[in-house]
**Q** 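Here it is, the structure, as structure tokens.
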Amino acid sequence: MRSDNTPGSTPLQQRGLTLAARFDKHRDMILAFIHDLTIPFTNNAAELEVRGAKIRQRVSGCWRTLAGLADFAVIWSYLSTAAKHNIDHLDALVQLFAGGPWLPPNPEPI
């Protein structure tokens with residue numbers, strides 16, 4: 001409500017006004033999930049994909065090599081994709097080292 005967030009002197013009042021202005025400016029993007037049910041309400045799935053790498057970086061302080069980061073990203077992506085297809089991480093890794101990588105099925109034509 002823009003009328004509830006009038007310019008004030010405190011930082012909290014200023015943040016409320018800024019948030020209301022951003023909502024007015026980006027209303028269509030913010031409420032897109034109401035009209036298009038394929039858009040998720042939150043972006044938690046995207047945040048979860050990045051969280052593992054960020055936690056690893058925070059614990060270690062940094063990535064020691066770019067190759068180490070690339071290796072981590074490949075493994076993380078493989079396990080994440082397997083999990084989305086209800087394949088256990090351990091099962092996916094066993095299959096990878098025993099006979100070749102697990103690959104997701106080809107998508108069905110529309």
Side-chain angles (χ1 to χ4, degrees):
M1 298 284 190
R2 189 58 86 95
S3 60
D4 293 336
N5 293 292
T6 57
S9 58
T10 68
L12 184 58
Q13 290 170 323
Q14 289 297 321
R15 285 187 291 219
L17 184 60
T18 301
L19 182 62
R22 286 184 185 162
F23 190 86
D24 283 345
K25 183 176 180 181
H26 302 289
R27 181 180 306 269
D28 293 335
M29 287 191 313
I30 293 170
L31 299 176
F33 69 92
I34 293 173
H35 305 290
D36 185 355
L37 298 179
T38 62
I39 298 173
F41 177 70
T42 68
N43 65 345
N44 284 343
E47 290 175 0
L48 284 173
E49 294 297 325
V50 177
R51 186 172 294 143
K54 291 304 289 181
I55 289 173
R56 173 79 181 219
Q57 181 184 19
R58 190 177 313 127
V59 168
S60 299
C62 66
W63 290 99
R64 293 179 185 242
T65 65
L66 190 56
L69 174 60
D71 292 342
F72 178 83
V74 168
I75 294 167
W76 189 263
S77 174
Y78 177 74
L79 294 176
S80 175
T81 302
K84 289 176 185 172
H85 289 273
N86 297 320
I87 307 294
D88 183 66
H89 287 171
L90 183 59
D91 293 339
L93 290 173
V94 167
Q95 183 177 339
L96 173 67
F97 293 113
W102 169 84
L103 297 174
N106 288 330
E108 296 292 323
I110 297 175

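It should be emphasised that the depicted structure is a prediction, and the values quoted were computed from it without experimental measurement.
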**Q** Calculate, to the nearest 0.5 Å, the distance between atoms CD1 and CG belonging to Ile75 and Leu96 respectively.
**A**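 Spacing of CD1 (Ile75) from CG (Leu96) equals 9.0 Å.
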**Q** For Ile34, does the CD1 atom sit with more than 12 other heavy atoms under 6.0 Å from it, leaving out its own atoms?
**A** yes
**Q** Treating Ile, Leu, Val, Met, Phe, Trp and Tyr as nodes and any side-chain heavy-atom pair under 4.5 angstrom as an edge, say whether Leu12 and Leu17 lie in one connected cluster.
**A**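 No, Leu12 does not connect to Leu17 through the hydrophobic network.
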**Q** Hey, does Ile30 have a side-chain heavy atom less than 4.5 Å from the side chain of Arg27?
**A** no
**Q** Which hydrophobic side chains are connected to Met29, either touching it within the sub-4.5 Å cutoff or through other members that do?
**A**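 The other cluster members (ILVMFWY side chains, heavy atoms under 4.5 Å, direct or chained): none.
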**Q** Among pairs that include at least one residue of residues 86-102, which meet side chain to side chain donor-acceptor pair (under 3.5 Å), considering only residues two or more places apart or in two chains?
**A**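 Sorted pair list comes back empty.
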**Q** Between the main-chain N or O of Ala73 and the side-chain N or O of Ser77, is there a donor-acceptor pair closer than 3.5 Å?
**A** no
**Q** Is Ile55 linked to Trp76 within one hydrophobic cluster, defined over Ile, Leu, Val, Met, Phe, Trp and Tyr using a side-chain heavy-atom separation of less than 4.5 Å?
**A**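 Unlinked, Ile55 and Trp76 end up in two clusters.
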**Q** Can you sort out the partners of Leu103 under side-chain contact (heavy atoms from CB on, under 4.5 Å), two or more places apart, ordered by chain and number?
**A** none
**Q** NZ/Lys84 to CG/Leu79 distance, rounded to the nearest 0.5 angstrom?
**A** 12.0 Å
**Q** Do the non-hydrogen side-chain atoms of Thr81 and Ile87 ever get within less than 4.5 Å of each other?
**A**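 A side-chain contact is absent here, since even the closest heavy-atom pair is not under 4.5 Å.
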